[in-house]
Engineer: 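Pasting a structure here, questions to come.
Since the model is a prediction, treat every value here as computed from it, not as a measurement.
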Amino acid sequence: MEAYEILESGTESPQNGISREEAQRLLRAEEEFPADQADTEYAIEQLLDNGWLYEVEGELRITDPEL
């Protein structure tokens with residue numbers, strides 16, 4: 001959930017996609033989040049698997065919790 005909140009606050013809107021690299025950069029920039037690349041990749045995969053993120057044409061997008 002922490003990773004979702006970091007990505008949500010780091011993007012302009014849920015409709016704007018970000019690359020995996022940008023998502024990893026956002027996660028690693030947070031002090032409380034582990035800086036290891038494997039941890040950021042795992043967090044992104046978990047968010048995708050659980051429906052908090054979805055991928056469109058190579059970009060990650062945040063699922064709108066209002067829907």
Side-chain angles (χ1 to χ4, degrees):
M1 193 61 174
E2 180 182 346
Y4 175 82
E5 292 169 356
I6 292 168
L7 294 177
E8 182 182 40
S9 67
T11 57
E12 294 176 22
S13 75
Q15 292 78 27
N16 291 346
I18 60 171
S19 68
R20 282 181 180 258
E21 293 79 20
E22 178 66 13
Q24 290 177 0
R25 187 193 65 73
L26 286 170
L27 293 174
R28 285 194 302 264
E30 290 295 319
E31 285 184 24
E32 10 352 290
F33 200 85
D36 186 82
Q37 183 173 352
D39 290 333
T40 59
E41 289 174 9
Y42 179 77
I44 291 168
E45 287 303 319
Q46 290 299 303
L47 291 170
L48 285 165
D49 290 346
N50 290 297
W52 291 97
L53 292 179
Y54 62 101
E55 194 164 9
V56 176
E57 297 179 6
E59 289 189 331
L60 300 174
R61 297 187 183 178
I62 296 172
T63 303
D64 188 353
E66 300 293 317
L67 299 176

Engineer: Using the salt bridge (charged side-chain N to carboxylate O under 4.0 Å, His left out) criterion, which residues pair with Glu2? Sequence neighbours excluded.
Structural biologist: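 Expected list: none.
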Engineer: Can you sort out the partners of Glu41 under salt bridge (charged side-chain N to carboxylate O under 4.0 Å, His left out), two or more places apart, ordered by chain and number?
Structural biologist: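 Scan of Glu41 (salt bridge (charged side-chain N to carboxylate O under 4.0 Å, His left out), adjacent residues dropped) gives none.
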Engineer: Nearest 0.5 Å, please: how far is CD1 in Ile44 from CD1 in Ile18?
Structural biologist: 7.5 Å
Engineer: Under a 3.5 Å distance rule, please check whether Asp36 uses its side chain to pair with a backbone N or O of Ala38 as donor and acceptor.
Structural biologist: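 Present.
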Engineer: Search all heavy atoms of Thr63 against all heavy atoms of Tyr54 and return the closest pair with its distance.
Structural biologist: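 In this case the closest contact between Thr63 and Tyr54 is OG1-CD2, 3.7 Å.
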Engineer: Under the criterion side chain to side chain contact (heavy atoms under 4.5 Å, CB included), which of Leu26, Ile6, Leu27 is the partner of Thr40?
Structural biologist: Leu27
Engineer: Applying salt bridge (charged side-chain N to carboxylate O under 4.0 Å, His left out), can you list everything that pairs with Glu45, at least two apart in sequence or on another chain?
Structural biologist: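 Arg20.
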Engineer: Can you measure from CE (Met1) to CH2 (Trp52) and round to the nearest 0.5 angstrom?
Structural biologist: 4.0 Å
Engineer: Passes side-chain contact (heavy atoms from CB on, under 4.5 Å), Leu53 versus Ile62? Steps please.
Structural biologist: CA-CA 5 Å; Leu53 292 179; Ile62 296 172; 3.7 Å; yes
Engineer: According to a hydrophobic-cluster definition based on side-chain heavy atoms being under 4.5 Å apart (Ile, Leu, Val, Met, Phe, Trp, Tyr only), do Tyr42 and Leu47 belong together?
Structural biologist: no
Engineer: Going by side-chain contact (heavy atoms from CB on, under 4.5 Å), name the residues that satisfy it together with Arg25, two or more places apart in sequence or in a different chain.
Structural biologist: Glu22
Engineer: Which atoms form the tightest heavy-atom contact between Ala23 and Leu60, and what is the distance?
Structural biologist: CB-CD1, 3.9 Å
